[in-house]
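Below is one structure, written out as structure tokens; the observations come after it.
Residue numbering restarts at 1 for every chain, and letters A, B, ... go by the order of the sequence lines. This is a predicted model, so every value here is computed, not measured.
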Number of protein chains: 2
Amino acid sequence: MTAVQRVRLLLADDEHLIRGAMAALLALEDDLLVVAEAASGPEALAMARAHAPDVAVLDLQMPGADGVKVATSLRAELPACRVLIVTSHGRPGHLKRALGAGVRGFVPKTVSAQKLAEIIRTVHAGNRYVDPELAADAIAAGDSPLTEREAEVLELAAEGAPVAEIAERAALSQGTVRNYLSSAASKLGAENRHTAARLARERGWV
Amino acid sequence: MTAVQRVRLLLADDEHLIRGAMAALLALEDDLLVVAEAASGPEALAMARAHAPDVAVLDLQMPGADGVKVATSLRAELPACRVLIVTSHGRPGHLKRALGAGVRGFVPKTVSAQKLAEIIRTVHAGNRYVDPELAADAIAAGDSPLTEREAEVLELAAEGAPVAEIAERAALSQGTVRNYLSSAASKLGAENRHTAARLARERGWV
DNA sequence: CACTGCCCATGACAAATGTCATCCACCCGA
DNA sequence: TCGGGTGGATGACATTTGTCATGGGCAGTG
């Protein structure tokens with residue numbers, strides 16, 4: 001055995017092709033060992049419980065529960081397991097959410113496999129790694145200027161629901177809902193709530 | 001050489017990790033040979049011109065030009081090159097658009113590498129392959145009920161622009177725009193143009 | 001030709017949405 | 001304890017949007 005103790009990995013991604021390919025590439029590194037794979041959030045949790053990996057490499061968007069939710073659960077159940085999030089669409093807000101959930105690494109899928117392997121080692125060693133590009137975006141986007149209610153209402157508005165429905169779902173009066181939407185839109189520099197919702201989503205604020 | 005003539009492949013995907021991983025996996029098949037890789041639509045075209053591959057494996061969403069647009073150009077410039085589209089998010093309308101562009105295969109990224117290799121061979125042999133799941137979705141979603149104008153206006157509305165702006169951009173009167181949006185929304189069973197736009201997008205009709 | 005469907009437009013009315021002034025409850029620091 | 005500031009809430013009012021009836025032009029088709 002070339003390495004006395006290999007880093008045991010859990011790989012979670014709903015795209016079989018990608019997961020399998022990542023596994024194949026990481027298998028080339030002789031200090032890494034993929035011990036489990038999962039195709040959904042809940043499955044990832046179950047596999048983690050069963051195999052107690054050193055590092056969990058999670059896709060951000062998965063059916064069931066997204067990577068950050070899985071990370072939150074893992075933090076509670078397996079504090080020794082480091083979490084590394086891999087994503088296609090890096091929204092600034094996701095990064096903050098992920099770091100808040102105790103994630104140790106956050107990288108886009110545009111990295112090469114070698115780089116990924118290095119990052120896995122970094123994370124396993126207890127250090128953090130955040131893709132510089134994504135970090136810059138997150139800093140540029142800054143903090144959400146939205147209050148809690150504004151964000152809540154905006155989220156309900158994102159699917160195009162009419163104000164009446166939003167009001168009901170949020171247990172607010174329609175007037176209040178409109179106020180929140182209005183102030184949120186002006187804070188975001190949008191002309192109406194729909195563009196506001198889109199902007200907020202893009203920046204990961206909802 | 002185990003195979004006298006290998007199938008020469010072009011791989012295009014903007015996610016380096018995935019592209020590299022796919023390349024690595026496909027390289028294990030001794031009748032397949034990756035001769036070029038690209039990370040964007042235009043780059044894919046350039047690489048195709050330079051290497052004249054037998055089969056082009058294209059991601060549907062790429063910067064620059066999407067897979068279908070690349071396929072259209074390829075069909076004109078390199079009719080001998082078969083095109084296989086690989087995608088994460090299979091919208092029903094995309095499939096139809098792709099087939100219209102002369103694409104020979106259409107598969108989600110959830111397939112395994114072995115399966116992908118088989119499909120590449122199928123396509124190379126001149127046959128077609130469409131993922132059964134996606135095909136079923138496409139049939140279920142049916143044809144777009146929208147007229148050309150309705151779709152055009154709905155697309156402009158998708159970003160949340162006010163009617164006045166849409167009217168200007170489409171060179172129509174505001175009343176006409178509202179009529180189109182209204183009829184489009186009722187055809188789609190939506191309460192307002194924003195949900196209508198969302199639905200149309202989901203089904204790949206815009 | 002008559003018919004049908006799509007395109008474009010108009011006007012009027014109803015409903016949803018955006019905007020604003022105002023008010024209340026609460027926390028915090030002087 | 002007394003302001004002052006802030007987040008949250010409300011209703012009235014103006015604007016935007018959705019709906020409907022209507023009409024003319026134009027292309028395809030039985």
Side-chain angles (χ1 to χ4, degrees), chain A residues 93 96-97 100 141-206, chain B residues 93 96-97 100 141-206:
Chain A
K96 168 165 295 191
R97 217 160 50 92
D143 269 3
S144 170
L146 304 176
T147 68
E148 201 175 330
R149 293 289 183 203
E150 284 166 355
E152 179 186 340
V153 170
L154 200 53
E155 177 146 24
L156 291 172
E159 284 157 16
V163 171
E165 188 183 324
I166 300 172
E168 193 180 356
R169 292 220 276 164
L172 293 177
S173 87
Q174 301 198 7
T176 306
V177 168
R178 287 189 305 210
N179 273 340
Y180 283 144
L181 290 175
S182 180
S183 76
S186 82
K187 281 179 183 173
L188 297 175
E191 297 192 329
N192 56 47
R193 63 212 172 95
H194 303 285
T195 57
R198 194 170 48 78
L199 286 175
R201 266 215 197 289
E202 277 174 15
R203 299 179 194 173
W205 289 340
V206 294
Chain B
K96 166 165 294 191
R97 216 159 51 90
D143 269 3
S144 169
L146 303 176
T147 68
E148 201 177 330
R149 294 293 179 200
E150 284 166 354
E152 179 186 340
V153 170
L154 200 53
E155 178 145 24
L156 290 173
E159 284 158 15
V163 171
E165 187 183 325
I166 300 173
E168 193 180 355
R169 291 221 275 163
L172 292 175
S173 86
Q174 300 198 8
T176 306
V177 168
R178 288 196 303 219
N179 280 340
Y180 283 148
L181 289 174
S182 181
S183 76
S186 82
K187 281 178 182 174
L188 297 176
E191 298 193 329
N192 56 46
R193 62 212 171 99
H194 303 286
T195 57
R198 194 170 47 78
L199 285 175
R201 267 212 197 290
E202 276 173 16
R203 298 180 193 171
W205 289 340
V206 294

Within residues 188-201 of chain B or reaching into it, pairs that qualify as salt bridge (charged side-chain N to carboxylate O under 4.0 Å, His left out) - sequence neighbours excluded: B/R198-B/E202
Touch class at under 4.0 angstrom, heavy-atom based, for B/T176 against every strand present: base
Length of the line joining A/L146:CG and D/dG8:P, which is rounded to integer Å: 12 Å
Atom pair distance, as rounded to whole Å: OH in B/Y180 and C1' in D/dT19: 16 Å
Sugar-phosphate, base or nothing in reach of A/E148, heavy atoms under 4.0 Å: nothing
Any residue meeting salt bridge (charged side-chain N to carboxylate O under 4.0 Å, His left out) with A/E165, in chain and number order, not counting sequence neighbours: A/R169
Interatomic distance, A/N192 CG vs C/dG18 P [rounded to whole Å]: 6 Å
Rounded distance in Å - CZ (A/R178) to C1' (C/dA15): 11 Å
B/N192 (side chain) donor-acceptor with B/T195 (main chain) under 3.5 angstrom: yes
Distance, rounded to the nearest Å, where A/L172 contributes CG and D/dG8 contributes P: 10 Å
Integer-rounded Å distance: D/dT16 P and A/R193 CZ: 15 Å
Touch class at under 4.0 angstrom, heavy-atom based, for B/R149 against every strand present: sugar-phosphate
Closest listed nucleotide, where the reference is the side chain of B/P162 and the choices are C/dA9, D/dT17, C/dT17: D/dT17
Length of the CD-P vector between B/E191 and D/dT19, whole Å: 10 Å
Pairwise N/O distances under 3.5 Å, protein to nucleotides 21-27 of chain C:
none

